[in-house]
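Below is one structure, written out as structure tokens; comments come after it.
No hydrogens, no waters, no symmetry mates; every other heavy atom, side chains included, goes into these values. Everything numeric in this text was worked out from a predicted model, so none of it was measured.
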Amino acid sequence: MLDRRAFLQACSLSVLAAAGGKPVEARVGPWNNKPTLFVNGKPAYACFYALTDCPGGRWTWEEEPQRNLRAFAAAGFRLFQIDLFLELVWPKEGPLDLATVRRHLRGVLDACPEAAIVIRWHLNAPGWWAEQHPEECVRYVNGDLEKIERTTPVRILMDDLRRTRRVSMASEKWKAMATAKTVELLKGLAKTPEGAALAGVHVACGVYGEWHQWGFMRNEPDASAPMQKLFGGPVPTVAERAAVDDGYFRDPAKRKRVIEYYRCQQELVADLIIYFCGVVKKNWPRPILAGTFYGYFFSMFARQATGGHLSLQKILAAKEVDYLSAPQAYGANYRDLGGSGITRALIESIRFHGKLFLDEMDQTPSWKWLNNVDTAFNLADVPADIAVIRRNVLESYTRGMGLWFYDFGPANTSGWWMDTRLMAEIKQLKALLEKYHERPYEPAGDVLFVFDTEVYYYTGHSAETDPYTDPIAVNRTMGEAWRSGAGIETVHLADLPKMDLTRYAVIVFANTWLLTAEQRRWIRTELLDKGRKVVFQGKPGYCDGERLSAAFTAELTPGTRQIEGAGAWREVLRAAGAHIYVDGDRPVHVGGGLLLIHDKDGGAARVHFRNGSTLEVTIPPKSSLIFDARTGTRLL
């Protein structure tokens with residue numbers, strides 16, 4: 001009988017054979033007019049399957065994860081992601097439990113010998129380490145730590161939004177420890193046969209591993225000694241953070257300290273991401289992906305400054321970062337049947353900078369707990385499930401990007417798509433997108449929405465102090481406009497002057513209350529004076545970073561109006577010359593040679609293609625139809 005070491009050595013030849021005789025190499029580079037994942041030198045459609053991080057479904061060698069991994073491998077998937085927590089492989093002082101890491105990778109390879117694997121590496125300090133270093137832990141300005149008692153197993157991430165013991169991201173001791181353990185992980189894996197399948201490391205920390213400040217949605221971090229040292233003094237109080245001076249605006253002259261604190265907190269996160277991605281690349285013997293969760297913009301619950309991702313331009317400029325990712329946007333306008341299913345990021349900026357973006361498709365199908373002797377779980381609405389899968393997957397593809405299916409599954413043990421009908425849909429959808437991925441990518445949106453992140457330093461820090469910018473100007477606007485039937489794209493304000501704008505019929509300035517004198521001049525001379533169709537919302541340019549003035553807004557427009565409803569947006573965009581693919585408040589995703597029309601209620605519709613042809617169709621309720629955007633042929 002083989003002992004463990006002999007068994008792992010015996011596996012090495014099969015691993016290398018599966019990789020084509022050499023270890024996996026992965027990178028992101030330009031190809032076919034879009035940022036593309038390359039695996040062993042060949043372009044690949046970046047479509048992954050990822051297990052859950054929850055107990056019972058996270059370890060690859062266990063029964064349920066094995067079944068799910070094998071099902072996705074049978075559907076044509078060769079790219080996989082697995083969660084790995086520092087806490088689970090470093091339970092006490094000493095070396096990492098590399099044997100468990102190898103077994104984790106081996107579980108994927110047992111299911112799919114050709115797999116290329118990305119590890120989601122959770123850098124959160126283990127609980128025992130945090131207890132040994134209380135001086136390095138977050139202090140919440142709005143209260144002491146909560147006492148939380150659990151009687152059942154939970155996710156390690158379960159209480160990230162509560163006032164729990166978490167190590168401050170400003171801690172230099174934590175950073176040094178996390179660096180050392182990341183280097184140990186990489187150098188250890190590089191010597192193993194399982195390490196041959198490693199294609200990337202997704203660095204994760206903060207709330208849910210998504211680089212939000214601890215407790216950010218419900219609390220006010222971080223008054224810890226490390227954060228105060230980084231900031232250079234006491235951090236703002238609850239009252240100082242909540243103060244606004246002119247409606248929902250902070251007066252820059254009065255609130256400089258609060259603005260500087262939020263900027264310090266945001267820059268810290270961006271610097272850590274760039275740093276740890278660099279650690280990954282420097283300590284691996286061949287090309288490897290390094291990416292993370294970042295770029296969240298939509299559905300940030302009006303807590304952008306406290307825990308959002310405002311330093312986007314710094315991340316996009318960093319050569320260490322290959323890709324960004326995020327779960328798709330939350331809320332009825334986005335996730336519900338009939339909603340748009342859009343990503344949370346400003347995708348056209350990310351594509352412009354040559355980065356890959358990977359949506360996290362983590363939306364549950366209609367599983368219901370039946371609790372009878374014949375069936376434990378049952379899908380309640382398969383047509384709706386298929387419509388949502390198509391909608392969400394096409395959103396990333398049509399914008400030149402990729403995704404992973406993140407499998408929380410029934411009861412969080414993975415298996416969300418373990419129904420033959422759903423897996424058949426996923427298999428045929430992936431095959432279709434693999435085919436179109438081979439063609440040169442052509443973006444198709446002719447409506448450009450311009451958004452800004454810097455503005456959140458100058459507006460209220462919650463929906464109570466700023467009920468307009470995030471809830472209405474950003475999220476209500478995007479949710480409604482995406483159901484106008486137009487092809488929509490989104491960009492960061494800082495990238496607008498650098499882009500080729502010739503294909504856009506109309507440019508919408510959605511939340512651009514912060515504009516410098518130079519930015520206002522550029523808008524006037526390059527857009528307004530040249531007759532470009534422009535729509536302004538709210539108070540464009542009301543703040544220049546130094547003071548607030550209605551005179552700044554008047555330089556751009558005598559007044560603005562708030563457009564409300566998908567129908568109203570459709571008429572505004574149509575009047576501006578935008579192409580409307582279909583009427584009836586139906587979201588469309590278009591690009592990369594494909595057109596998707598999503599519909600909750602169904603009914604007769606006339607589809608208008610860009611070549612001038614039309615097609616009369618009857619759209620079934622709860623459906624997403626996919627067409628070839630050039631020929632008008634229905635594909636699914």
Side-chain angles (χ1 to χ4, degrees), residues 140-142 212-213 215-223 227-228 230-270 296-297 300-314 450-477 492-494 509-520 536-556 560 562:
Y140 299 92
V141 181
N142 60 308
H212 307 305
Q213 288 290 332
F216 83 106
M217 281 179 59
R218 306 171 185 172
N219 301 286
E220 297 294 338
D222 170 11
M227 182 61 81
Q228 294 198 54
L230 179 68
F231 180 55
V235 303
T237 65
V238 171
E240 288 173 326
R241 298 174 192 219
V244 289
D245 305 290
D246 181 351
Y248 47 83
F249 286 92
R250 293 189 180 100
D251 185 329
K254 295 179 181 178
R255 308 297 170 190
K256 184 176 180 181
R257 185 164 160 270
V258 174
I259 292 167
E260 288 179 347
Y261 170 71
Y262 280 129
R263 194 177 296 279
C264 172
Q265 190 172 263
Q266 293 283 340
E267 292 290 311
L268 166 65
V269 168
Y296 294 27
F297 187 77
M300 277 302 299
F301 318 105
R303 296 291 279 167
Q304 291 269 21
T306 304
H309 297 161
L310 302 189
S311 298
L312 180 62
Q313 292 296 317
K314 173 176 276 193
V450 182
F451 294 96
D452 185 32
T453 53
E454 293 283 311
V455 69
Y456 289 105
Y457 294 123
Y458 300 88
T459 57
H461 77 325
S462 69
E464 287 71 37
T465 54
D466 181 3
Y468 181 69
T469 305
D470 191 72
I472 295 177
V474 171
N475 286 296
R476 192 182 78 183
T477 289
H492 192 282
L493 174 66
F509 288 85
N511 75 329
T512 54
W513 323 153
L514 176 69
L515 294 171
T516 65
E518 174 56 28
Q519 287 173 315
R520 297 195 306 271
F536 291 108
Q537 288 198 128
K539 296 184 175 182
Y542 189 67
C543 178
D544 69 350
E546 300 293 332
R547 61 192 180 97
L548 309 173
S549 175
F552 299 152
T553 301
E555 292 180 21
L556 300 175
T560 62
Q562 182 60 47

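- A pairwise comparison of heavy atoms in Leu556 and Arg520 identifies CD2-O, 3.7 Å as the closest pair.
- Within 6.0 Å of atom CD in Glu546, 12 or fewer heavy atoms from other residues, nucleotides or ligands are found, so the atom counts as exposed in its surroundings.
- The shortest heavy-atom contact between Lys314 and Ala270 is CD-CB, 3.8 Å.
- To the nearest 0.5 Å, the span separating OG1 on Thr459 from OH on Tyr248 amounts to 8.5 Å.
- Pairing each heavy atom of Thr560 with each of Pro540, the nearest pair is CG2-CD, 4.0 Å.
- Under the rule for a salt bridge (Lys or Arg N to Asp or Glu O under 4.0 Å), the partners of Asp245 that lie at least two apart in sequence or sit in another chain are Arg255.
- Smallest separation of non-hydrogen atoms from Gln265 and Pro221: OE1-O, 3.6 Å.
- For the residue pair Asp246 and Leu548, the shortest heavy atom distance occurs at CB-CD1, 3.7 Å.
- A 4.5 Å side-chain heavy-atom check between Thr512 and Val455 finds every atom pair outside the cut-off.
- Using the six-membered ring where Trp is involved, Tyr456 and Phe297 have ring planes that are perpendicular, over 60° apart on the 30 and 60° scheme.
- Under the side chain to side chain donor-acceptor pair (under 3.5 Å) criterion, Arg476 pairs with no residue, sequence neighbours left out.
- One side chain, Glu464 or Ser462, offers a donor N or O that lies under 3.5 Å from an acceptor on the other.
- With sequence neighbours left out, the salt bridge (Lys or Arg N to Asp or Glu O under 4.0 Å) criterion links Arg218 to no other residue.
- Closest heavy-atom contact between Val235 and Met227: CG1-CG, 4.2 Å.
- Of the options Tyr457, Tyr468, Phe451, Phe536, a ring-ring contact (aromatic ring centres under 6.0 Å, His included) to Trp513 is made by Tyr468 and by none of the others.
- For Asp452, there are no side chain to side chain donor-acceptor pair (under 3.5 Å) partners, not counting sequence neighbours.
- Each salt bridge (charged side-chain N to carboxylate O under 4.0 Å, His left out) pair with one or both residues in residues 231-243, not counting sequence neighbours, appears once here: Glu220-Arg241, Glu240-Arg257.
- In this structure, His461 has its ring center at least 6.0 angstrom away from the ring center of Tyr262.
- Distance check, rounded to the nearest 0.5 Å: CD of Gln519 to CG of Leu514 gives 7.0 Å.
- When the side chain to side chain contact (heavy atoms under 4.5 Å, CB included) test is applied to Ala494, the partners found at least two apart in sequence or on another chain are Gln313, His492.
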